[in-house]
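Order of the sequence lines sets the chain letters (A, B, ...), proteins ahead of strands, with each chain counted from 1.
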Protein chains: 4
Amino acid sequence: MKKKDVPSLVKDERLIKKRRDQIVKAAVHLFNQKGYHKATTREVAQASGFSIGTLYEYIGSKEDILYLVCDAVYDEVVEKWETLMDENLHGLDRLYQVIEAYFRVVDDLQNEVLVMYQESKSLSEEALSYVLEKEMRMKEMFEKELIKAKELELIQIEEGQLSMVCHNILVAGHMWTFRRWALHKEYTIDTYCKWQINQLFYGLSVNKSATKTITKVQQNLETEGTV
Amino acid sequence: MKKKDVPSLVKDERLIKKRRDQIVKAAVHLFNQKGYHKATTREVAQASGFSIGTLYEYIGSKEDILYLVCDAVYDEVVEKWETLMDENLHGLDRLYQVIEAYFRVVDDLQNEVLVMYQESKSLSEEALSYVLEKEMRMKEMFEKELIKAKELELIQIEEGQLSMVCHNILVAGHMWTFRRWALHKEYTIDTYCKWQINQLFYGLSVNKSATKTITKVQQNLETEGTV
Amino acid sequence: MKKKDVPSLVKDERLIKKRRDQIVKAAVHLFNQKGYHKATTREVAQASGFSIGTLYEYIGSKEDILYLVCDAVYDEVVEKWETLMDENLHGLDRLYQVIEAYFRVVDDLQNEVLVMYQESKSLSEEALSYVLEKEMRMKEMFEKELIKAKELELIQIEEGQLSMVCHNILVAGHMWTFRRWALHKEYTIDTYCKWQINQLFYGLSVNKSATKTITKVQQNLETEGTV
Amino acid sequence: MKKKDVPSLVKDERLIKKRRDQIVKAAVHLFNQKGYHKATTREVAQASGFSIGTLYEYIGSKEDILYLVCDAVYDEVVEKWETLMDENLHGLDRLYQVIEAYFRVVDDLQNEVLVMYQESKSLSEEALSYVLEKEMRMKEMFEKELIKAKELELIQIEEGQLSMVCHNILVAGHMWTFRRWALHKEYTIDTYCKWQINQLFYGLSVNKSATKTITKVQQNLETEGTV
DNA sequence: AATGAATGAGTGTTCATTCAT
DNA sequence: CATGAATGAACACTCATTCAT
C-alpha cells in the first residue's frame, strides 16, 4: 500500500513540510480535546496559526488532516523509539528494553497515540490500510526481536503464539493511553512497564501441581454446544 | 454514578423497552458500518423500522442512542457470560473458563462490543462515567476470580500485578474486535482463546538459564537517564 | 362577519362548552407564559387536563385555540363590564364610570386581554376580522356614551375627534396590560384610572394667557441666552 | 443594560454593517407579512439576497435578526425625528411639533415600527430589556419637553400625570400602525396628528371656554413644507 | 368519548469546501 | 501564497395532526 497522496496547491516543499507540521501539532491538540468529528477545519486552521483558506492550500480535505496526524505519529513513535534504544544491550536485556522503550515512547507521545488510536477508524479505506500497514511494520519490529530471542533460546514461544504476543505488546502500549482514566490512577509509567514486562515473560506463575490442560476446558465448552 | 435517565414521551414501559431494543439493534448495525458520527438519526429511525418522529418519542437526543447501545451491550455481555459459565468447574479449570467464556461472548457480540468500544468516548461526561463504571464492574469479576485462585494457591500473583492483569484480560477481549482486521486472519476464536490463556498463565516461558531480573533492566535504563 | 365555525367531533354541546372552557383557561395561562407560537398543543392539552387526542376532539387546529381565547376574552370583558356598571349614575359621572369600569375589567382580566392583544395577529384573516369586529363593537359602546354626553352638552367634541377618542380609550385599557412592565411600577389601577380620565377630559390644561405671553417669555429667555 | 452582542464570523466591520442593513430591511418586510415566527431564516436570507450560510455569518441566531430589527428601528426613528425638528420653534409651537414630528416619523416607518411593536416580546429577556430601555429613552424626550413647557407655564400638568401622558403619546404613535386596520380608514396622518394633539392638550373640552389654537400650529407646520 | 403512539414536513443551525481578491 | 466571505448540502430535532384502539 502506497503512501496516500495529500494534494497541495503550494509548490515549495519546504514550506509544505513546515505548514503541515503546524497543522499536525494543532490537530493533535484539538482532536484530543474534542475528537476528530467535533473539531472543525476552521478551528484547525486557527490553531495552526493561519486562515481556513491557507489550510486548504496544504490539504485536500479534512480527512487529510487526520491522515497527516496518523502518519506523523507513527514516524515520531518509531523515531523516538530508536533514540531510546541502547544498541549495546543483548540477550533478554535487549528484549526487555525494546518493549520498555516502546512503552515509554507511548507515554511520551500520549496525546498523539491516543488520537491516532481513537480516530484512525474515520480514515477512508485507502488511508486506513496505509496506516494499518505502518502498524504492522511496528509489530514486525517486535516479531524480529522475539524470533531472535527464540533462536538464541532465551525464550520459548510456539509458532501460533508469536504474532499474538506482538499484538499484545502493541496494545499494551496503546492501553496506557486509552485506558488512562483507570491505569494512571494505579500505575506510574515505571510500574506499568515493570508489571507488563513481568507478566509478558512470566505469566501468572501457575503453581504446577494445579495445572490441568486447557484442552480439557475447551472440550467442556464444546460439548455444551453453546456460543 | 447513577443510570442516566433517557427521556421518553411514551408511557407504556413495555413498548419503550421493545422500541429501544429495536433502536439499539439498528444502531449497532449502523454505527458499525459508518460510525456514530456519520450515521444520521434518520438512518437509525429507518433501520429501526419507524419514522424519525417516532424515534424521538423514545430518546431525547442522538447521544441517548449511543448510551442505550453501550448500556445494553454491557448487560448483554454479562448476561451471556453467565449463561456460558459451568458452575461445576473449580480450580484452574474455572479460571480458564471464566476467561475463555468472556472471549467467546465478545466473539459472539463482536459488533456490539466494537461499537461500544470505539464510540463510547463520544458520550457526555455523565454518561461516560456510568459506562466506565460498568467496565470496572466487569474488571472486578476477574479480580474476584484471580484473588480466589491466589488464595487457593493455584496461581502466584503479586499485589500490583493483579489489577493490570485484569485490564489485560478485558482488553484482550476487546482486541479480538478492534484488531480483527489482523487477528481474524491469523486466528479462530478457538486458537485465540488457547493462546491468550496460555500466554496469560505461562508467559513466554523464559529459559531459566537466561533469566535476569527485570530490576536490573530498569537500572540500566535509569542510569542512562533517558525518558 | 360571522362567528367562525370551530369544528368538534363531539356531539354533546354541553360537553363541548365545558371542555372549551378548560382549553381557554389553560391556553390563556400558557400563551401568557410562552406566547402562542412557543406553546405546543401538547402543553395546552396537558394543562387542560386531558390528552392531545381529546384536545383535537374539540378543536380543528391550533389556531382554533387562539380564536376560542380571543372570542372568550371579549365576551368576558363585556360581561364583567356590565356587572360593574351602576345604572343609576347619570351625566358626566356615568361617563367617568363607563371608562373607569372598563379599565378595571381590563385590570381584572389582564392576562386574558394581553394574550388577545398580542397574539390575535396570528389569527387567519377570517378569524381576525371576526375578532376585530368585536373590538369595533366595544368601541361603539364608548361612542354611544360620548354622543349621548355631547347631546346633553356635557362635553364638546368635534366630529373627527369622536372616533379617535374611543380608540384612545380602548388602547389606554390595553396599555395597562402591554406596558405593564413600566406602568405598574408607577401607577396602581386607581391612580391610573384617575389620571387617564383626567387627561381624557381636561387635557394638559393649557394656560390660556400663555399663548399671548409666549413671545414675551421667549424674548426674556433669549436675551438671557438660555434655551 | 448594554447593547447585546450579535456575533459575526466576518471581520470587516463595514461589510457587517452593510449586510446587516440588508438583513434588517428584508426582515422588516418579511416579519410584516408573515410575522417573526412564521418567517424562516431561509426566507430572510433569500430576501436579503444571499444564502442561508451567509446569513449565519452575520448573526448568531434567528433571534438576533429580530434584535437587529428592533435596534435599528429605534435608531432610525430617533434619527428621522431629529431631522424633522425645527429648532427655531419655541413655546407651545415647539411642543406641538415634537409630538407631530414623532407621529409623522412613525407614519413614515410604519412597517418597521409595527414589527418592533408586535414582535419585540419574542426577544430574550436580555435583548428585550435593552430594547425597552430605548423605548424609555424616547419617553424621556417627551418628558423633557413637557417639563420645560411646564416650567415656562405653557401647560399645567400634575406630577402623576406627566409620565402617563408621555406613555400616551408614544402609544398614540404606535397606534397609528397597529390599529391601522381601523384608523387609516378614518384619518390621514394629517388629521390624525391634528386630533391627537388637540385631544392631548385640550381633552374633551368639558369646560366650554377651551380654545382651538391648534389650527394655527398646523399652518405653521404646513407652510414649512416639511414631511 | 378518550387515548396516546405514530407520522414526516419543516426549522434553525453547522461546517467542509471554494474562489475571487 | 494568503485571505476570508460565500455557499448550500446536511443534520438534529420539533410539533401539529391523525387514527387505530
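C/K4 forms a cation-pi arrangement with C/Y67, by the criterion of a distance under 6.0 Å to the ring centre and an angle within 45° of the ring axis. Because its NZ or CZ atom is both nearer than 6.0 Å to the ring centre of B/Y36 and within 45° of the ring axis, B/K62 counts as a cation-pi partner of that residue.
In this structure a side-chain-to-backbone donor-acceptor pair under 3.5 Å is missing from B/R19 to B/Y58. No donor-acceptor pair under 3.5 Å is formed between the side chain of C/S48 and the backbone N or O of C/F50. Not one N or O on the side chain of A/D64 forms a donor-acceptor pair closer than 3.5 Å with the backbone of A/V6.
When base pairs are accepted only as Watson-Crick or G-U wobble with both N-N or N-O distances under 3.5 Å, DNA chain E takes part in stems of 3 or more pairs at E:2-21 with F:2-21.
Contacts between residues 7-14 of chain D and DNA chain F, counted as heavy-atom distances below 4.0 Å, involve D/L9, D/V10, D/K11, D/D12.
When the nucleotides E/dT3, E/dA1, E/dT14 are ranked by their closest atom to the side chain of C/F50, E/dT3 comes out on top.
Contact annotation: B/T54 side-chain N/O to E/dT7 OP1/OP2 distance is under 4.0 Å.
Within the nucleic acid shown, C/T40 comes within 4.0 Å of sugar-phosphate atoms alone, with no base atom in reach, counting heavy atoms only.
Side-chain contact check for A/V73 versus A/V115: every heavy-atom pair is 4.5 Å or farther apart.
Nearer the 5' end of DNA chain F, as judged by each residue's closest nucleotide, is the contact made by D/G49, out of D/G49 and B/A39.
B/E63 and B/S122 form no side-chain donor-acceptor contact under 3.5 Å, judged by distance and modelled atom types alone.
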